[in-house]
Amino acid sequence: MSMRGQFITFEGTEGVGKSTQLANASRTLEELGVDYIVTREPGGTPMAEAIRELLLAPRDEPVNEITELLLMFAARAQHLHTRILPAINAGQWVLCDRFTDATFAYQGGGRGVPKERIALLENLVQGEVRPDHVILLDAPVATGMARARDRGELDRFEQEDLEFFQRIRDVYRERAIAQPSRYQVVNAARSLEEVSGAVSGLLSEWVTQSAVR
Ligand code: TMP
């Protein structure tokens with residue numbers, strides 16, 4: 001087994017089943033005897049979780065898109081440097097619920113921030129660090145939004161309209177097409193068994209690859 005752990009992120013629009021698939025991926029790694037942690041963005045450390053609360057709370061004051069962007073990256077800097085990188089360097093695999101692809105999709109596609117500006121912050125905060133693999137759970141936006149609504153109270157992002165989430169899905173899909181070696185698009189509109197089978201299959205493949213490297 002290689003010394004460096006793999007950095008795997010889970011992305012998608014609201015209600016596509018990310019939490020369920022993170023739990024499924026964790027079980028798969030456990031069965032394969034891989035040491036791993038599960039974390040999320042925005043969040044993942046006490047300070048970054050405090051920034052998450054600031055970001056998700058519905059509020060009357062309009063939130064400037066650059067304020068939102070900088071807070072996402074402020075949380076990410078803390079999370080990446082104090083939790084994710086130490087884990088990877090210690091040989092642990094990191095399963096992360098969202099990362100910078102979400103910023104390109106939500107702040108870029110959703111809010112309209114030019115992607116060059118996001119890329120500047122990506123380089124500042126991450127240097128060369130990028131996820132080894134991105135699992136994009138992809139499903140029609142309306143399906144996921146209905147699921148998110150059923151969960152109860154909506155956060156500041158979930159209160160946006162269908163078009164906002166359609167733009168987000170479009171950016172995710174464009175990024176996946178542009179970087180096929182890093183992205184795996186999983187059709188999340190299928191049955192739970194099929195989606196879980198696809199995700200577990202990818203994890204098993206990556207564990208095998210890292211063992212022979
Ligand atoms: P979650 O609901 O998947 O936990 O994510 C929290 C919300 O934050 C979700 O609506 C997506 C949003 N988000 C961004 O807008 N930009 C980002 O960079 C990240 C990581 C999340």
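In listed order, ligands and their atoms are each counted from 1. From a predicted model like this one, the values you see are computed outputs, not experimental measurements.
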> When you measure from the centre of the six-membered ring of F104, is the NZ or CZ of R175 under 6.0 Å away and within 45° of the axis?
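Yes, a cation-pi geometry.
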> When you measure from atom 7 (C) of ligand 1 to every protein heavy atom, which one gives the shortest distance, and what is it?
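Protein heavy atom with the smallest distance to atom 7 (C) of ligand 1: L56 CD2, 3.7 Å.
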> Are Y36 and E30 linked by a side-chain donor-acceptor pair shorter than 3.5 Å?
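A pair is found: one side chain offers a donor N or O, the other an acceptor, under 3.5 Å apart.
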> Please verify whether a non-hydrogen atom of K18 lies at under 4.0 Å from ligand 1.
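The answer is yes: ligand 1 sits under 4.0 Å from a heavy atom of K18.
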> Applying a strict 4.0 Å limit to heavy atoms, is E14 in contact with ligand 1?
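Yes.
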> Can you report which non-hydrogen protein atom sits closest to atom 5 (O) of ligand 1, along with the distance?
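Scanning the protein heavy atoms, the shortest distance from atom 5 (O) of ligand 1 goes to R98 NE, 3.2 Å.
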> Are side-chain N/O atoms of Y106 and R98 paired as donor and acceptor at under 3.5 Å?
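Yes, because at least one side-chain N or O of Y106 sits under 3.5 Å from a partner of the opposite role on R98.
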> Determine, using heavy atoms of Q107 and all atoms of ligand 1, whether some pair is separated by less than 4.0 Å.
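So Q107 counts as touching ligand 1.
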> Any atoms of ligand 1 less than 4.0 Å from a non-hydrogen atom of P42? List them with their elements.
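Near P42, the atoms of ligand 1 are 8 (O), 19 (C), 20 (C), 21 (C).
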> Nearest to atom 18 (O) of ligand 1, what protein heavy atom do you find, and at what distance?
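So the nearest neighbour among protein heavy atoms is T103 OG1, 2.6 Å.
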> Show me which atoms of ligand 1 lie under 4.0 Å from any heavy atom of R76.
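Atoms satisfying the 4.0 Å criterion: 18 (O), 20 (C).
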> Under a 4.5 Å side-chain heavy-atom rule over Ile, Leu, Val, Met, Phe, Trp and Tyr, are L70 and V125 clustered together?
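Yes, one cluster joins them.
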> F7: what forms a ring-ring contact (aromatic ring centres under 6.0 Å, His included) with it, not counting sequence neighbours?
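Only F99 meet the ring-ring contact (aromatic ring centres under 6.0 Å, His included) criterion with F7.
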> At less than 4.0 angstrom from any non-hydrogen atom of E41, what atoms of ligand 1 do you find?
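Those of ligand 1 that fall under 4.0 Å from E41 are 20 (C).
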> Could you check atom 17 (C) of ligand 1 against the protein and tell me its nearest heavy-atom contact, residue, atom and distance included?
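Of the protein heavy atoms, M72 SD, 3.4 Å lies nearest.
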> Could you note down all residue pairs passing salt bridge (Lys or Arg N to Asp or Glu O under 4.0 Å) where residues 130-143 supplies at least one of them, sequence neighbours left out?
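Counting only pairs at least two positions apart or across chains, the salt bridge (Lys or Arg N to Asp or Glu O under 4.0 Å) contacts touching residues 130-143 are R4-D132, E122-R130, D138-R169, D138-R173.
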> Any salt bridge linking E41 with R52? Criterion: basic side-chain nitrogen under 4.0 Å from a carboxylate oxygen.
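Salt bridge between E41 and R52, a charged N being under 4.0 Å from a carboxylate O: no.
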> Please tell me whether E194 and S191 have a donor and an acceptor in their side chains that are separated by less than 3.5 angstrom.
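Checked: E194/S191 side chains pair up, N/O donor to acceptor below 3.5 Å.
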> Of the protein's non-hydrogen atoms, which lies at the shortest distance from atom 4 (O) of ligand 1, and what is that distance?
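Closest protein heavy atom to atom 4 (O) of ligand 1: R52 NH2, 2.8 Å.
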